[in-house]
Amino acid sequence: MNLTKEDKILEVKNLCTSFFTDEGEVKAVDGVDLSIEKGKTLGIVGESGSGKSITSLSILRLLQEPAGRIKEGEVIFKGEDLVKKTKKQMREIRGNNISMIFQEPMTSLNPTLTCGEQIAESIRIHQKLNKKKAWAKAVDMLKLVGIPSPEKRAKQYPFELSGGMRQRVMIAISLACNPELLIADEPTTALDVTIQAQILELIKNLQKELGTSLMIITHDLGVVAEMCDKVAVMYCGKVVEYADVKTIFTNPKHPYTIGLLNSVPKHDEDVEGDLSIIPGSVPNPFHLPEGCRFAPRCPHAKEICLTKLPHLEETFDGDKVRCWIHSEEWEKQGKAVNAHE
Amino acid sequence: MSNQALLEVKELKQYFPIKGGVFGRTVNHVKAVDDISFTVNEGETVSIVGESGCGKSTTGRAILRLDNPYSGNVLFEGEDLISLSKAQMRKKRKDLQIIFQDPYASLNPRQTVSQILEEAMEIQSVVPRKDRRKKIQELLETVGIGAHQMDRYPHEFSGGQRQRIGIARALSVNPKLIVCDEAVSALDVSIQAQVLNLLKDLQRQFKLTYLFISHDLGVVRHISDRIIVMYLGKIVEIADKKALFDDPKHPYTQALLSAIPSTNIAEKKERIILKGDVPSPIDPPVGCRFHTRCPYAFERCAVEEPKLMNVGNGGFQQVACHLMDEQAK
């Protein structure tokens with residue numbers, strides 16, 4: 001797959017974001033490279049603290065400054081580096097070219113404004129429409145996201161709507177200015193499964209209709225399988241595997257990806273006996289392991305893993321993996337060091 | 001597993017009053033749980049699944065009388081828990097323990113782990129004072145926490161470890177039944193798998209009976225023997241694990257199962273997408289409560305409430321749906 005620059009809507013290069021606290025520096029995102037092709041969907045998966053949400057907040061420059069700061073790297077959106085933009089320029093991009101859907105539809109909507117006003121607000125600001133036209137567009141948007149009797153709902157406040165409805169309003173706001181890229185941070189995590197199915201279906205259909213590129217951040221591997229074209233698996237601030245969705249689920253190569261897939265209890269498959277697990281827990285972000293960050297929990301880890309950080313290397317089938325197993329050095333290494341049962 | 005019933009829930013109702021008006025009179029009720037009955041046998045894991053607001057957690061709390069039920073009976077080893085006095089119920093909780101969802105909120109931040117575990121033993125006076133420290137060590141090792149950490153405070157532990165402490169606290173009084181209320185929902189998948197395996201181990205080791213409350217059907221499939229599906233305060237289906245997952249009968253169960261995004265990319269299934277939201281439990285729909293969203297609903301569903309009836313061929317499966325009647329005709 002040789003892609004020219006024009007095919008990529010977003011390219012993140014060596015992004016490093018850190019938080020500076022009294023106890024020291026936390027490297028929340030540490031050298032992340034990603035790209036999203038036009039009209040395609042990229043999924044970022046990982047557990048709490050893997051840096052997936054901070055990656056998305058860094059892209060939109062929504063970090064809590066000065067504690068959180070982008071230290072290094074570029075975020076190229078349509079040929080321009082967002083890291084170098086001024087605050088004012090970013091405001092013009094947010095909600096207009098790139099918008100975001102957050103996890104908690106209750107806390108991310110303004111409780112003192114009606115749903116219609118919240119949608120119309122961004123239309124007025126970015127598209128310079130007058131109040132009346134913006135309102136009409138807001139009602140249209142509510143209709144588009146499948147809210148019954150949109151004229152009535154537009155005049156209601158968020159507390160009057162159910163969780164699923166609120167998330168639809170969020171989607172309406174984010175799509176109101178027809179952005180080229182939509183970032184969805186755990187868009188369905190707070191919702192029940194039957195409502196989640198509705199929302200995922202809606203996002204998929206709207207993406208097809210509007211041609212929006214999509215970045216989904218989630219911890220739910222099912223959502224990834226359902227929605228994404230490409231997947232980046234993150235662990236402790238680094239991308240450990242980056243591949244097609246099919247490869248991730250049928251031929252995963254990083255021991256963490258494999259462990260993660262095996263530890264999910266499946267609803268459509270019987271597992272005899274115990275679930276396979278990943279031993280131990282995520283390392284303390286203030287004292288990250290020196291070599292591969294997964295080495296202390298990895299069943300295959302050898303000497304080299306504890307001392308040297310592997311690079312994200314392309315394997316034979318185009319899958320990118322950050323693991324020594326797939327390097328030439330591996331054969332020269334001695335025995336595995338972690339004696340897990 | 002035996003066929004001896006340990007817990008029998010009969011016609012349990014939990015209505016929460018809504019106060020209103022100048023005099024704070026009860027103007028209406030939230031019918032969180034509305035007339036449900038089921039049995040849990042000794043050594044069995046029975047799960048209750050359903051979406052938010054279906055009454056699954058309320059059921060768990062009502063059984064332990066953390067909230068006193070509105071009406072109905074809860075028989076534990078044949079004894080009615082509802083008729084016990086508060087003091088008697090407190091003693092009885094030696095046999096019935098609960099593990100909560102949020103390991104952060106359910107441990108006292110001002111107590112060390114050993115104090116947390118000792119308090120339970122003291123209230124139930126299960127272990128003589130001089131042996132308690134030893135017992136605490138054993139308990140912590142059982143749940144996979146080093147005994148040297150017994151004098152630490154909850155904030156020094158990770159989420160998974162805190163949930164293990166919650167489990168150790170439940171075990172400290174040698175209970176017979178443990179209600180696990182979304183016990184693994186707050187954990188990351190890799191940690192969730194560890195805790196699920198631990199729960200299974202403990203069940204074998206101590207012959208425990210679990211009432212497992214969860215919204216995650218993957219977890220439920222892994223841990224349960226029997227599954228209760230609830231919708232808006234009612235049981236819509238009860239079945240053995242195999243029957244429920246291989247041949248779900250109630251349209252709601254079918255929709256619920258098909259709604260879960262699958263990691264199996266090779267087999268893309270046709271999805272049943274339910275329309276609309278769950279109605280309010282203050283004024284639930286008349287007739288079958290699911291009829292407003294059911295793709296197969298017909299006139300009878302809006303008038304008459306379906307009763308749970310046996311449909312299992314061989315295995316255990318009960319469904320509350322008028323379609324079963326129609327098919328039988």
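Residue numbers start from 1 in every chain, and the chains themselves are labelled A, B, ... in the order their sequence lines are given, proteins ahead of strands. None of these values were measured; they are calculated from a predicted model.
In this structure, B:Ile273 and A:Gln198 approach most closely via the heavy-atom pair CG2-CG, 3.8 Å. Considering every non-hydrogen atom in both A:Val193 and B:Ala259, the closest pair reads O-CB, 3.7 Å. Of all non-hydrogen atoms in A:Arg297 and B:Ile191, the two that sit nearest each other are NH2-CD1, 4.2 Å. Of all heavy-atom pairs spanning A:Glu47 and B:Asp188, the tightest one is OE2-CB, 3.0 Å. Shortest non-hydrogen contact noted between A:Pro265 and B:His222 is CB-CB, 4.1 Å. Pairing each heavy atom of A:Ile278 with each of B:Gln194, the nearest pair is O-NE2, 2.5 Å.
Note that the CG atom of A:Leu275 and the NZ atom of B:Lys200 stand 7.0 Å from one another [nearest 0.5 Å]. Rounding to the nearest 0.5 Å places CD1 of A:Ile277 at 9.0 Å from OG of B:Ser190. In this structure, the separation between OG1 on A:Thr194 and CD on B:Glu51 is 3.0 Å, given to the nearest 0.5 Å. Note that CD1 of B:Ile260 is 4.0 Å distant from NE2 of A:His267, once rounded to the nearest 0.5 Å. Between atom CZ of residue B:Arg221 and atom CD of residue A:Glu269 there is a gap of 8.0 Å, rounded to the nearest 0.5 Å. Atom CG of B:Leu257 is separated from atom CG of A:Asp268 by 9.5 Å, given to the nearest 0.5 angstrom.
Using a 4.5 Å cut-off between heavy atoms, A:Leu200 contacts chain B through its side chain alone, with no backbone atom that close. Residue A:Thr188: no heavy atom, backbone or side chain, is found under 4.5 Å from chain B. Interface residue B:Lys275: only backbone heavy atoms are found under 4.5 Å from chain A. In this structure, no portion of A:Val282 lies under 4.5 Å from any heavy atom of chain B.
B:Thr263 is listed as a side-chain neighbour of A:Lys266, based on a closest heavy-atom distance under 4.5 Å. B:Asp201 places a side-chain heavy atom less than 4.5 Å from the side chain of A:Asp274.
By the 6.0 Å contact criterion, NZ on A:Lys204 is enclosed, its count of non-hydrogen atoms from other residues, nucleotides or ligands being greater than 12. Surrounding NZ of A:Lys143 are at most 12 heavy atoms belonging to other residues, nucleotides or ligands under 6.0 Å away. Summarising the local packing, OH of B:Tyr296 is surrounded by 12 or fewer heavy atoms from other residues, nucleotides or ligands at distances under 6.0 Å. By the neighbour-count criterion of 12 heavy atoms within 6.0 Å, atom NZ of B:Lys31 is densely surrounded, having more than that number from other residues, nucleotides or ligands.
The candidate with the highest count of non-hydrogen atom pairs below 4.5 Å against chain A, out of B:Val219, B:Leu217, B:Asp277, B:Leu274, is B:Asp277. Chosen from B:Val189, B:Leu196, B:Asn197, the residue pairing most often with chain A at heavy-atom distances under 4.5 Å is B:Asn197.
Side-chain contact annotation: A:Ser263 with B:Gln192, donor-acceptor N/O pair under 3.5 Å absent. Between the side chains of A:Glu226 and B:Ser262, no donor-acceptor pair of N or O atoms lies under 3.5 Å.
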